[in-house]
Amino acid sequence: ATKGEENGSEHFVPTMHLLEAGIPVLGEKPISNKVEEGEQMVALAREKKIPYAINLNHRFTPAAIRAKEWVDSGRLGKLHMINMRMWINNPVESSPWFHLRALHPHSFDVIRYFAGDVKKVAAFMMKGEGRQIWSNTQIILQFESGAIGHLVGSYDAGASYGLEQCEVVGSKGRSVLEDACEH
């Protein structure tokens with residue numbers, strides 16, 4: 001875990017040194033604020049066959065693992081949609097995109113864990129009252145599998161409604177995770 005711009009831009013050098021030395025790395029999100037650096041770190045780990053992961057812990061809870069087993073076993077049937085909400089109160093305004101880069105790597109990791117790769121995206125954002133950043137978002141998704149979904153995210157909605165909810169809907173049933181990392 002390093003600092004840098006929005007806690008993401010100083011991971012590159014130490015990660016590359018560790019991977020070059022053959023040492024596995026568990027990094028903090030975001031992987032980098034520069035796509036090229038992220039791609040280089042992943043490529044080096046793959047080339048050297050060294051474990052490299054980013055700490056996206058929301059899908060490693062017992063409830064999330066159980067829900068994934070239900071998806072993989074067919075208990076929910078053919079996946080139709082995934083709906084996710086993640087919000088907290090966060091006054092930080094370090095860049096226009098801070099809310100998306102700081103909060104939603106977790107959201108997209110969970111979404112892709114259940115639904116696979118995203119094919120198409122549409123998004124709408126707004127600045128909350130008194131905000132200079134895009135602090136609220138609605139993102140609509142279509143997956144390679146044909147399933148659909150959406151993400152609602154906010155830095156203004158407050159934690160009184162819970163941090164996150166993830167609903168996975170299939171042809172035979174659905175699972176709903178409420179604050180999987182909190183309880």
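Taken to the nearest 0.5 Å, the OG atom of Ser154 stands 6.0 Å off from the NE2 atom of His99. Note: Asp109 CG to Arg59 CZ = 4.0 Å, rounded to the nearest 0.5 Å. Here the CG-NE2 distance, from Leu19 to His17, works out to 11.0 Å after rounding to the nearest 0.5 Å. Atom CD of Glu93 is separated from atom CH2 of Trp134 by 12.0 Å, given to the nearest 0.5 angstrom. From Lys29, atom NZ reaches atom NE2 of His11 across 9.0 Å, with rounding to the nearest 0.5 Å. The distance from atom CH2 of Trp87 to atom CG of Asn136, rounded to the nearest 0.5 Å, is 9.5 Å.
Counting only heavy atoms from C-beta outward, the side chains of Met125 and Leu100 approach each other to under 4.5 Å. Thr137 places none of its side-chain heavy atoms less than 4.5 Å from the side chain of Phe124. Here the side chains of Leu177 and Thr61 are not in contact, with every heavy-atom distance at 4.5 Å or above. The shortest side-chain heavy-atom distance between Met41 and Phe12 falls under the 4.5 Å cut-off. Taking the side chain as every heavy atom from C-beta outward, Asp117 and Arg112 approach each other to under 4.5 Å. With a 4.5 Å cut-off on side-chain heavy atoms, Phe98 and Asn90 count as touching. Annotation: side chain of Tyr52 is in contact with side chain of Thr15 (closest heavy-atom distance under 4.5 Å). Considering only heavy atoms from C-beta on, Ser95 comes within 4.5 Å of Arg101 through its side chain.
Atom CD of Glu144 is surrounded by more than 12 heavy atoms from other residues, nucleotides or ligands within 6.0 Å. The number of heavy atoms from other shown groups lying within 6.0 Å of NZ (Lys48) is above 12.
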Evaluate the criterion side chain to side chain contact (heavy atoms under 4.5 Å, CB included) for residue pair Asn55 and Phe60; output intermediate values, then yes/no. CA-CA 10 Å; Asn55 180 25; Phe60 295 103; over 6 Å; no
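Remark: side-chain polar atoms of Ser175 are not paired, donor with acceptor, to backbone N or O of Ala67 under 3.5 angstrom. In this structure a side-chain-to-backbone donor-acceptor pair under 3.5 Å is present from Asp179 to Glu164. Proximity of a side-chain donor or acceptor of Ser171 to a complementary backbone N or O of Lys78 within less than 3.5 Å is detected.
Taking each heavy atom of Gly149 and Phe143 in turn, the nearest pair found is N-CE1, 3.9 Å. Of all heavy-atom pairs between Cys166 and Ile82, the closest is SG-CD1, 3.8 Å. Closest of all the heavy-atom pairs between Leu18 and Val25 is CB-CG2, 3.6 Å. Of all non-hydrogen atoms in Ile31 and Ile54, the two that sit nearest each other are CG1-CD1, 3.7 Å. Taking every heavy atom of both residues into account, Gly38 and Ser32 meet most closely at N-CB, 4.1 Å. Listed here is the closest heavy atom pair of Lys172 and Arg75: CB-O, 3.7 Å.
Phe114 and Val169 end up in different hydrophobic clusters when Ile, Leu, Val, Met, Phe, Trp and Tyr side chains are linked at under 4.5 Å. Placement of Val118 and Leu103 within a single hydrophobic cluster is found when ILVMFWY residues are connected by side-chain heavy-atom separations under 4.5 Å, directly or transitively. Residues Leu56 and Val42 fall within the same hydrophobic cluster, defined by Ile, Leu, Val, Met, Phe, Trp and Tyr side chains chained together at heavy-atom separations under 4.5 Å. Under the 4.5 Å side-chain contact rule for hydrophobic residues, Met86 and Val92 share a cluster. Cluster membership check: Ile148 does not share its hydrophobic cluster with Val121, using side-chain heavy-atom separations under 4.5 Å among Ile, Leu, Val, Met, Phe, Trp and Tyr.
A side chain to side chain contact (heavy atoms under 4.5 Å, CB included) with Met84 is found for exactly one of Ile139, Val110, Val152, Leu141, namely Val110.
Under the ring-ring contact (aromatic ring centres under 6.0 Å, His included) criterion, His106 pairs with His58, sequence neighbours left out. Every residue meeting the side-chain contact (heavy atoms from CB on, under 4.5 Å) condition with Val176, not counting sequence neighbours, appears here in chain and number order: Gln165, Glu167, Arg174, Glu178.
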